[in-house]
Amino acid sequence: MAASAKVRVPATAKKGEVIEIKTQVQHEMESGQRKDAAGKAIPRQIINKFVCKYNGAEVFASDWHPAISANPYLSFFITATESGKIEFFWTDDKGEVTKAEAEIKVS
Amino acid sequence: MTDLARDMDRRTLIKVGGAGALALAGLAALGARPARAAAADSEAAVKKLVGNAPIKDGKITLKLPQIAENGNTVPFSVVVDSPMTEKDYVKAIHVFADGNPSPGVASFTLTPRSGKAEISMRMRLAQTQDIRAIAVMSDGQVFMAKQEIKVTIGGCGG
């Protein structure tokens, strides 16, 4: 299942400005707690890791547990230090990685 | 039969009431099964992440609704008061839901480049319970905020 992700990053920022990043990825986040119609437990399948890289350097990361809602939304902040690429990686229990990226111009 | 028809409204009411009571009993039974992480589990989870450092109040703010009608998506925000410089920043934020089948919600790893220690997300909650947010600072200090949230419909399937 190729998940799709949306990210909102300001296109431009002043050097040193703290910017808000908003992200949302499509994922069922199957908790492992639910049972199917036959009463069999549905195996856990969640995104357990989120990483944000700024020009290759990891600036923010997060570990997720089954208590995270489906289609996880996350907002956080980073400091705009230089122009370049901000990348986002979501890794699920099967090791599948969903990626997104945004360009930022810092003046 | 005619009696029944005449008293229909009242009888329906009584029946509905009875069903409601049954449903409540069912809910109570659900609560009784080990859906709630034992307090000890939760403490162990906290210890594992923050070690034995003393946990203080202050610096950290947890924003939650007081009542969540739908336990499937409960918005929460955590804000930590920190300058976020190389010398003094928030290393990690952990969020625990003590009344969920497993207490961990999420852990966030921050860096001085985060600029501001603030995150917002959405979580699932099984039932009315306490939520705890814990911040680990770069100097090793640990701060905690706690808030109770009432959950109308639990969000853990089942």
Side-chain angles (χ1 to χ4, degrees), chain A residues 8 10 13-25 27-37 39 41-42 44 46-82 84 86 106, chain B residues 30 33-35 37 45 49 68 70-80 82-86 89-126 129 131 151 154-158:
Chain A
R8 188 171 294 168
K14 290 201 175 78
K15 192 172 167 66
E17 191 181 337
V18 176
I19 53 171
E20 184 175 25
I21 310 276
K22 292 181 176 175
T23 67
Q24 184 157 32
V25 61
H27 200 282
E28 285 166 23
M29 298 294 282
E30 188 59 62
S31 69
Q33 298 285 335
R34 296 198 310 152
K35 293 189 170 89
D36 63 15
I42 303 171
R44 180 184 127 153
I46 66 164
I47 292 172
N48 56 50
K49 183 93 190 154
F50 168 75
V51 173
C52 171
K53 287 184 180 173
Y54 194 149
N55 282 340
E58 187 172 311
V59 289
F60 182 90
S62 182
D63 295 302
W64 296 351
H65 297 281
I68 296 300
S69 301
N71 303 327
Y73 164 86
L74 171 65
S75 75
F76 58 97
F77 291 84
I78 55 177
T79 308
T81 48
E82 69 227 336
I86 302 180
V106 176
Chain B
L30 274 179
R33 95 192 156 155
L49 286 166
N70 179 358
N72 268 311
T73 47
V74 183
F76 68 95
S77 303
V78 182
V79 185
V80 188
S82 162
M84 296 305 277
T85 58
E86 289 287 341
Y89 65 97
V90 180
K91 260 172 45 182
I93 296 172
H94 306 290
V95 180
F96 298 95
D98 293 348
N100 271 4
S102 129
V105 174
S107 296
F108 305 90
T109 312
L110 291 84
T111 65
R113 292 183 65 179
S114 297
K116 190 167 162 187
E118 179 173 343
I119 56 97
S120 298
M121 229 181 152
R122 292 169 191 156
M123 64 182 161
R124 293 178 175 134
L125 295 176
Q129 56 180 286
I131 306 301
V151 178
C156 284

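Chain A is the first sequence line, chain B the second, and so forth, proteins listed ahead of strands; every chain is numbered from 1.
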Enumerate, atom names and distances included, each donor-acceptor pair closer than 3.5 Å involving a side-chain atom of residues 115-122 of chain B, sequence neighbours excluded.
unit_1: B:Ser120; atom_1: OG; unit_2: B:Ser77; atom_2: OG; d: 3.0

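Looking only at atom types and distance, the side chain of A:Thr81 has a donor-acceptor partner in the side chain of B:Arg113 under 3.5 Å away.
By number of non-hydrogen pairs under 4.5 angstrom with chain B, the leading residue of A:Ile68, A:Ile42, A:Val18 is A:Ile68. Note: B:Ser107 leads B:Pro112, B:Ser107, B:Ala106 in heavy-atom pairs under 4.5 Å with chain A. Heavy-atom pairs under 4.5 Å with chain B were tallied for A:Val51, A:Thr23, A:Ile21, A:Val59; the largest tally goes to A:Val59.
Between the side chain of A:Tyr54 and the main chain of A:Glu82, a donor-acceptor pair closer than 3.5 Å is present.
Taking non-hydrogen atoms and a 4.5 Å limit, the residue list of residues 69-76 of chain A in contact with chain B, ordered by number, reads A:Ser69, A:Ala70, A:Pro72, A:Tyr73, A:Leu74, A:Ser75, A:Phe76.
Here the closest non-hydrogen pair linking B:Arg124 and A:Glu28 is NH2-O, 3.2 Å.
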* Asked: How far apart are the C-alpha atoms of B:Met84 and A:Phe77, what are their side-chain angles, what is the distance that settles it, and do they pass the side-chain contact (heavy atoms from CB on, under 4.5 Å) test?
  -> CA-CA 11 Å; B:Met84 296 305 277; A:Phe77 291 84; over 6 Å; no

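For A:Arg8, the CZ atom is loosely surrounded, since the number of other residues' heavy atoms within 6.0 Å does not exceed 12.
Not counting sequence neighbours, B:Glu86 has no partner by the salt bridge (Lys or Arg N to Asp or Glu O under 4.0 Å) test. The salt bridge (Lys or Arg N to Asp or Glu O under 4.0 Å) search around A:Lys22 returns none, not counting sequence neighbours.
For A:Glu20, no part lies under 4.5 angstrom from a heavy atom of chain B. Residue B:Pro75 does not touch chain A at all, counting heavy-atom pairs closer than 4.5 Å.
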